[in-house]
Amino acid sequence: MTAPPATAATAPAHGGGAWRLVRAELRRRVSLQVAAAVIVLFALMAAAAPLISSLGGWGPEEFDKSAVDPYLGGLPLGPLGGVSAEHWLGVEPVTGRDLFARVVHGAQVSLLIAFAATAIVVLAGTTAGIAAGYFGGRTDTVLSRLMDLTMSFPSLIFMIAMMSVARDVNRILLMVLVIGLFGWPGVARVVRGQTLSLKHREYVDAARVGGAGPWRILARDILPGVAGPVIAYTTLLVPGMIATEAALSYLGVGVRPPTPSWGQMIAESVAYYDTDPMYFLVPSFCLFLTVLAFTLLGDALRDVLDPRGSRS
């Protein structure tokens, strides 16, 4: 294991110096280059899902009954779950739907929910954390108790309950809101602690003495100071959001068929893991690879942009 550069421990949390360290770390570590390439690949695949799936000649909801054997319970014809020139990753049992098209469109749904929920979490958490840390007093008390209250809920159970009760709604929008509702206190606590440290710095006192108002100080002095830890924390949030969406879909309260998602595909493939392992392995491998890539990149960004947090 290679040790991080000594300068990373003393680098500022924001500014050009920190980003130079990030670029240097990416150039130095091959694992981070691979992780970044995987993230870009899946992001592009999700953004261009209709175009990419059309290259295989099949849509995510098209049935191909000729690709499955009705006399063997609908198992795919051919080796490796029906992998062929026509179906690049094989087909689903019984339905004959193309796995390549399903995985590509599943990436779009899973990453859309993860990125949107992360955006809500970061925006709400950063706003609450800065307000609590800078204004203090009653504002800090109210927001801190709200953080404690939200974090005390068994989030997964409440997510399942809320997703089960709300039926006739947009499932993707509902998942984004529900996941975001329980995720913001972690970011808020990180930002609050950073803000408490920054608001007593000399340059903040100088801006206050110079007549700058609180909103100007927050925008020009506090927010850039917390940007580094927030960016690092955000990168580590994304894999958790992807896993949460997959877990909810796996439990049957997430995205509903025929809309594909990786978690839903894994749930449906469990019944065929012994007779058609490819059906289980393909979405599982995509989920594993994406979560691993974000985790590696997030750890590296935290080491550079928030070295004190990485040692705690």
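Worth saying up front: this structure is predicted, and the values here are computed from it rather than measured.
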Can you give me the closest heavy-atom contact between [X] and [Y], atom names plus distance?
| X | Y | answer |
| --- | --- | --- |
| V103 | C286 | CG1-SG, 3.6 Å |
| Q108 | P50 | NE2-CD, 4.1 Å |
| P283 | M278 | CD-O, 4.4 Å |
| I242 | A114 | CG1-CB, 3.4 Å |
| S261 | S249 | OG-OG, 3.4 Å |
| A188 | A128 | CB-CB, 4.3 Å |

Rounded to the nearest 0.5 Å, how far does [atom2] of [Y] lie from [atom1] of [X]?
| X | Y | atom1 | atom2 | result |
| --- | --- | --- | --- | --- |
| D140 | T195 | CG | OG1 | 10.0 Å |
| T259 | R171 | OG1 | CZ | 10.5 Å |
| L149 | S144 | CG | OG | 12.5 Å |
| M175 | L248 | CE | CG | 4.5 Å |
| L41 | L289 | CG | CG | 8.5 Å |
| I179 | L156 | CD1 | CG | 10.0 Å |

Side-chain contact test, heavy atoms from C-beta onward, threshold under 4.5 Å: evaluate it for [X] versus [Y] and give yes or no.
| X | Y | result |
| --- | --- | --- |
| E62 | D98 | no |
| K199 | I217 | no |
| L237 | V187 | yes |
| R102 | L89 | no |
| L181 | M162 | yes |
| E92 | V94 | no |
| L111 | T290 | yes |
| I113 | T244 | no |

By side-chain hydrogen bond (donor to acceptor under 3.5 Å, both in side chains), which residues pair with [X], not counting sequence neighbours?
| X | result |
| --- | --- |
| R145 | D148 |
| S66 | D64 |
| R208 | D205 |
| S110 | E245 |

Could you tell me whether a side-chain N or O of [X] sits under 3.5 Å from a main-chain N or O of [Y], the two making a donor and an acceptor?
| X | Y | result |
| --- | --- | --- |
| S269 | I266 | yes |
| Q264 | G254 | no |
| T127 | A124 | no |
| R97 | E61 | no |

Taking [Y] as the starting point, is it possible to reach [X] by hopping between hydrophobic residues whose side chains are less than 4.5 Å apart?
| X | Y | result |
| --- | --- | --- |
| V30 | F294 | yes |
| L77 | L72 | no |
| V190 | L123 | no |
| M147 | V142 | no |
| L196 | L146 | no |

According to ring pair (Phe, Tyr, Trp, His ring centres under 6.0 Å), does anything in [range] pair up with another residue at least two apart or in another chain? List the pairs.
| range | result |
| --- | --- |
| residues 161-197 | none |
| residues 133-166 | F135-W215, F153-F158 |
| residues 234-287 | F42-W262 |
| residues 63-106 | W58-H87, W88-F100 |

Evaluation steps, side chain to side chain contact (heavy atoms under 4.5 Å, CB included), between T234 and L301: CA-CA 10 Å; T234 299; L301 286 177; over 6 Å; no
Exceeds 12 heavy-atom contacts within 6.0 angstrom, atom CZ of R220: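 Counting neighbours around CZ of R220, 12 or fewer heavy atoms of other residues, nucleotides or ligands fall under 6.0 Å, so no.
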More than 12 heavy atoms of other groups within 6.0 Å of I157 CD1: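 12 or below, so no.
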V121/M241 under side chain to side chain contact (heavy atoms under 4.5 Å, CB included): CA gap, chis, key distance, verdict: CA-CA 10 Å; V121 166; M241 297 297 179; 3.5 Å; yes
Y203/L198 under side chain to side chain contact (heavy atoms under 4.5 Å, CB included): CA gap, chis, key distance, verdict: CA-CA 9 Å; Y203 62 86; L198 292 173; 3.5 Å; yes
Anything under 3.5 Å between a donor and an acceptor, one on a side chain of residues 225-233, the other on a protein residue two or more places apart or in another chain? List them.
none

Sequence neighbours excluded, every pair satisfying side chain to side chain donor-acceptor pair (under 3.5 Å) that has a member inside residues 32-43: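 Non-adjacent pairs meeting side chain to side chain donor-acceptor pair (under 3.5 Å): zero.
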V40: hydrophobic cluster co-members (side-chain, 4.5 Å):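 Once heavy-atom contacts under 4.5 Å are chained together, V40 belongs with L44.
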ILVMFWY clustering at 4.5 Å (side-chain atoms), partners of V91: V68
Side chain to side chain contact (heavy atoms under 4.5 Å, CB included) between L99 and M265, intermediate numbers included: CA-CA 9 Å; L99 269 187; M265 294 177 67; 3.6 Å; yes
